[in-house]
Amino acid sequence: QVQLVESGGGLVQAGGSLRLSCAASGRTFSIYVMGWFRQAPGKEREFVAAIDWSGSNTYYADSVKGRFTISRDNAKNTMALQMNSLKPEDTAVYYCASHRAIYSVVDYMAPSAYEHWGQGTQVTVSS
């Protein structure tokens with residue numbers, strides 16, 4: 001049974017920082033692309049960032065580039081998203097997800113490319 005559990009969300013003022021974590025279990029973590037997505041009320045789930053299986057390559061949405069940093073620790077089966085210079089428009093539920101295919105970055109921005117999802121963690125940025 002694959003499990004992804006996010007933590008680290010909360011309420012922060014604009015300009016502040018938060019660090020999200022995702023703990024994975026139930027499958028070989030180190031061979032899958034992992035991603036972060038977010039969903040604001042009334043909006044579709046959108047891509048935030050992804051990282052390949054080795055951690056050598058990272059991918060970001062234009063809206064977070066330069067402010068967010070994705071990382072992973074395959075020895076601990078964890079992934080993180082460091083979020084700096086937060087803006088009110090970053091307010092959303094953040095989800096971590098595991099890609100469907102091993103050693104594949106195909107469609108890494110598409111939610112449909114990911115097979116397993118966490119329950120989400122709320123991030124609220126006040127102005």
| request: Say whether Val48 and Met83 are linked into one hydrophobic cluster, either directly or through other cluster members, by side-chain heavy-atom distances under 4.5 angstrom. | output: yes
| field | ILVMFWY network linking Tyr103 to Met109, side-chain heavy atoms under 4.5 angstrom | value | yes
| message | Distance check, rounded to the nearest 0.5 Å: Asp90 atom CG versus Ser63 atom OG? | response | 7.0 Å
| request: Show the numbers, then the answer: is there a side-chain contact (heavy atoms from CB on, under 4.5 Å) between Tyr32 and Ser98? | output: CA-CA 7 Å; Tyr32 292 92; Ser98 177; 3.9 Å; yes
| query | Looking at the rings of Trp36 and Tyr94, which for Trp means the six-membered one, are their centres under 6.0 Å apart? | reply | no
| query | Are the side chain of Glu6 and the backbone of Cys96 linked by a donor-acceptor contact shorter than 3.5 Å? | reply | yes
| said: For Ser17 versus Gln82, what's the shortest heavy-atom pair and its separation? | reply: CB-NE2, 4.0 Å
| remark: Grouping ILVMFWY residues whenever side-chain heavy atoms fall under 4.5 Å, the cluster of Leu11 otherwise contains none
| Nearest heavy-atom pair of Leu4 and Ala24: which atoms, and what distance? | CD2-CB, 3.5 Å
| request: Please indicate whether Gln3 has more than 12 foreign heavy atoms, meaning atoms of other residues, nucleotides or ligands, lying under 6.0 Å from its CD. | output: no
| Can you tell me how far the CD atom of Gln13 sits from the OG atom of Ser127, to the nearest 0.5 Å? | 9.5 Å
| query | Is there a path of hydrophobic side-chain contacts, each under 4.5 Å between heavy atoms of I, L, V, M, F, W or Y residues, that connects Leu18 with Ile70? | reply | yes
| field | Within-4.5 Å side-chain heavy-atom neighbours: Val93 and Arg38 | value | no
| field | Heavy-atom pair with the smallest gap, counting every atom of Ala40 and Ala92 | value | N-CB, 3.8 Å
| message | Using modelled atom types and a 3.5 Å cut-off, is there a donor and acceptor pairing between side-chain atoms of Asn77 and backbone atoms of Ala23? | response | no
| said: If you apply the rule side-chain contact (heavy atoms from CB on, under 4.5 Å), what do you find for Phe37 with Phe47, and how did you get there? | reply: CA-CA 5 Å; Phe37 289 77; Phe47 170 75; 3.8 Å; yes
| task | Compare every heavy atom of Gly26 with every heavy atom of Val2, then report the nearest pair and how far apart it is. | result | CG2-O, 3.9 Å
| Are any of the side-chain heavy atoms of Tyr59 and Val105 separated by less than 4.5 Å? | yes
| task | Begin from the C-alpha positions of Ile51 and Met79 and carry the test side-chain contact (heavy atoms from CB on, under 4.5 Å) through to its verdict. | result | CA-CA 9 Å; Ile51 187 167; Met79 177 178 65; 4.1 Å; yes
| field | Closest non-hydrogen atom pair between Val33 and Asp52, with its separation | value | CG2-CA, 3.9 Å
| Would you say Met34 and Arg72 make side-chain contact, with heavy atoms under 4.5 Å? | yes
| query | Hey, does the side chain of Ser54 reach the backbone of Ser56 with a donor-acceptor pair shorter than 3.5 angstrom? | reply | yes
| Okay, side chain of Arg67, backbone of Ser85: is any donor-acceptor separation there less than 3.5 Å? | yes
| said: We want to know whether Glu89 and Thr91 form a side-chain donor-acceptor pair, criterion being a heavy-atom distance below 3.5 angstrom. | reply: no
| Pairs satisfying side chain to side chain donor-acceptor pair (under 3.5 Å), at least one member in residues 104-118, at least two apart | Arg27-Glu115
| query | Where the side chain of Arg45 meets the backbone of Tyr95, is there a donor-acceptor pair that is under 3.5 Å apart? | reply | no
| task | May I ask you to test the Thr69-Tyr60 pair for a side-chain heavy-atom distance under 4.5 Å? | result | yes
| task | Any chance you could lay out the side-chain contact (heavy atoms from CB on, under 4.5 Å) test for Phe68 and Leu20, step after step, and finish with the verdict? | result | CA-CA 11 Å; Phe68 291 10; Leu20 305 184; over 6 Å; no
| query | Below 4.0 angstrom, N of the basic side chain to O of the carboxylate: do Lys65 and Asp62 qualify? | reply | yes
